[in-house]
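Below you'll find the structure, written out as structure tokens, and then a few comments.
Residue numbers start from 1 in every chain, and the chains themselves are labelled A, B, ... in the order their sequence lines are given, proteins ahead of strands. Predicted model only: the values in this text are computed from it and were never measured.
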Amino acid sequence: MKLQAVKGTNDILPEQDARWRSVVDAAAEVLGTASAGRLTTPIFEHAEVFEKSVGDSADLVVQKEMYTFEDRGGRRLSLRPEFTAAVVRAFIQHGMHTRPLPVKLWSAGPAFRAENVQRGRYRQFHQVNLETIGNATPLADAEAIELLYRTLARAGLTRHRIQLGSVGDPEDRAAYNAYLREALAPHAAELSEASRERLRLNPMRVLDSKDARDQELIAGLKRPLELLGDEARRHFDAVAGYLTAWGVPFEVDDSIVRGLDYYRRTAFEVHYVGIGAQSALGGGGRYDGLVELLGGPQLPGIGWAFGIERVLDALEQEGRGEAAVEGPVLFLVPLDDAAVGEGAALARRLREAGLRVEFAYQRRNPGKGLKDADRAGARYAALRGGSERERGVWQLKELASGEQREVREDELAPLLQAGAPGATKEL
RNA sequence: GUGGAUGUAGCUCAGUAGGUUAGAGCAUCGGAUUGUGGUUCCGAGGGUCGUGGGUUCAAAUCCCAUCAUCCACCCCA
């Protein structure tokens, strides 16, 4: 056990590939129907892209959860811990504000955080991300949330739940934080150590505490939703209204909080019961102000991301784990040395025609060859030795039924291409 | 960073009152079967017992350290 993948990173094996692709394909399909274009950005950026956007109090920075390093030119670079800042950077760099607004951009790829590992939490993980930049209406929020819900449904999930909240406008947030500080100050000594720290840096996050004593202290307090200003309140109600009208199931969650500073108003998460402690499949929210913060025009935005590994975990809970790896349609078995080259050449031609064909690399006897074909998962095997060569044919055998007949080489492609059921009957 | 559990073959695991060459099932390869597969039977290859140190005549087994994995805290995807 000498060399192995770095802690918190995973190999995606061939048998997992189909599931993986199906999730990304679901996103491409669903998000495409909403005219979102796919944007692929580098996996690393100048560190300041994330540092500026994320805010000083965010854990990403404070707890050094970013993989930041210096390259040979002395540039400080960071592996992306999330997509939003990088997408916004690309949006600004390419002058996308001149396109018809809003601009919808989706992405998929790895992200990195230097955290400790557990189920559903890895150091390299993968996300599907969507950003809608340039529209501040509640309709844009509802659209984004609906797309998130539908993408996951399309990927095969049936038991994911949307939780909707609001962190308010900056003034609301400031007011609520002040309220919390005041309300909790007398009990500060009773709070857990972590929560005392939160109270100092980002009081709202105290609501997130899983400490039983903390929860008791919090129980009687007002929630962020109760202290929303009029505009934020109307915005929230409108988003909820659209979702209800569209039949997107959701629950109001009055304790949704964001670790990142740039969120305003709408905040939401998708959860799934049964995938361990990290039950959030994804989350997102509105970030009016971020584009400007990163040096772009004053444009609002809303976006979300979900974790592909967590979705795959959830799919497994629903009994939709690894799909069987598809075998070749045809497996060619050379029964003598001359047939080895003939088989390879035939395979090449059939592959050129788009068929999935495999062959034995050396002469086999029929028993071995059929065994090879069987284990490769092939549907048909074709054998050829001296007597077949004389007649210019291959013995084509359907493995499942055992039916066999002689076919000329030029008959093979049309026969196999005719498709599974038809070809079977012909035999 | 903190806490708990676990590290024996590619995989799932046996194997402790310490005792010769460390086992099974599955998987792999070969043979039974040099022109017809899946079942079955036979055989083979594959192990620094996570790593390092200690105790002992003797360590997979006991002690210490260390690393890794899993789960949880924290935080989040």
Could you check which nucleotide pairs with [N] in any of the strands shown, counting Watson-Crick or G-U wobble with both distances under 3.5 Å?
N      : answer
U6(B)  : A68(B)
G1(B)  : C73(B)
G43(B) : C29(B)
G37(B) : none
C62(B) : G54(B)

Give me, pair by pair, the N or O atoms of the protein and of nucleotides 39-44 of chain B that are less than 3.5 Å apart, along with how far apart they are.
none

Using whole Å, what does the distance between atom C1' of nucleotide C76(B) and atom CZ of Phe83(A) come to?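 These atoms are roughly 15 Å apart.
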Using the [atom1] atom as the reference point in each nucleotide, state the distance between [N] and [M] in Å, no decimals.
N      : M      : atom1 : answer
A24(B) : C63(B) : P     : 29 Å
C75(B) : A22(B) : C1'   : 44 Å
C67(B) : G52(B) : C1'   : 10 Å
C41(B) : U16(B) : C1'   : 36 Å
G30(B) : C71(B) : C1'   : 43 Å

Using a 4.0 Å heavy-atom cut-off across all strands, classify Gly282(A) as base, sugar-phosphate, or nothing.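 Sugar-phosphate, no base atom in range.
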Would you classify Gln124(A) as touching base, sugar-phosphate or nothing, given that sugar-phosphate means primed atoms plus P, OP1 and OP2, and contacts are heavy atoms under 4.0 Å?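 No contact.
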Please state whether the phosphate of [N], meaning OP1 or OP2, lies under 4.0 angstrom from any side-chain nitrogen or oxygen of [X].
X         : N      : value
Gln395(A) : G35(B) : no
Lys368(A) : G31(B) : yes
Arg405(A) : U36(B) : no

Quick check: on RNA chain B, is the nucleotide nearest Ala5(A) upstream (toward 5') of the one nearest Leu383(A), or the reverse? Name the residue that is more 5'.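 Looking at the nearest nucleotide for each, Leu383(A) comes out on the 5' side.
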Any donor and acceptor pair, going by atom type alone, linking the side chain of Trp304(A) with main-chain N or O of Gly282(A) inside 3.5 Å?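 No; judged by distance alone, with no hydrogens or angles, the pair does not exist.
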Is the base of G35(B) touched by the side chain of Asn365(A) through a donor-acceptor pair closer than 3.5 angstrom?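 Answer is no: no donor-acceptor pair is held.
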Using distance alone, with no hydrogens and no angle criterion, decide if Tyr272(A) and Glu318(A) have a side-chain donor and acceptor under 3.5 Å apart.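 The answer is yes; a qualifying pair exists.
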Can you establish whether the number of heavy atoms outside Glu70(A) located under 6.0 Å from its atom CD is more than 12?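 Result for CD/Glu70(A): enclosed.
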Aromatic stack Phe125(A)/A77(B): centroid gap under 5.5 Å, interplanar angle under 30°: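 So yes, this residue stacks on that base, both cut-offs being met.
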Select one nucleotide: of [options], the one nearest the side-chain heavy atoms of [X].
X         : options                : result
Arg119(A) : A77(B), C71(B), G38(B) : C71(B)
Lys7(A)   : U69(B), A77(B), G37(B) : U69(B)
Arg375(A) : C74(B), U28(B), C70(B) : U28(B)

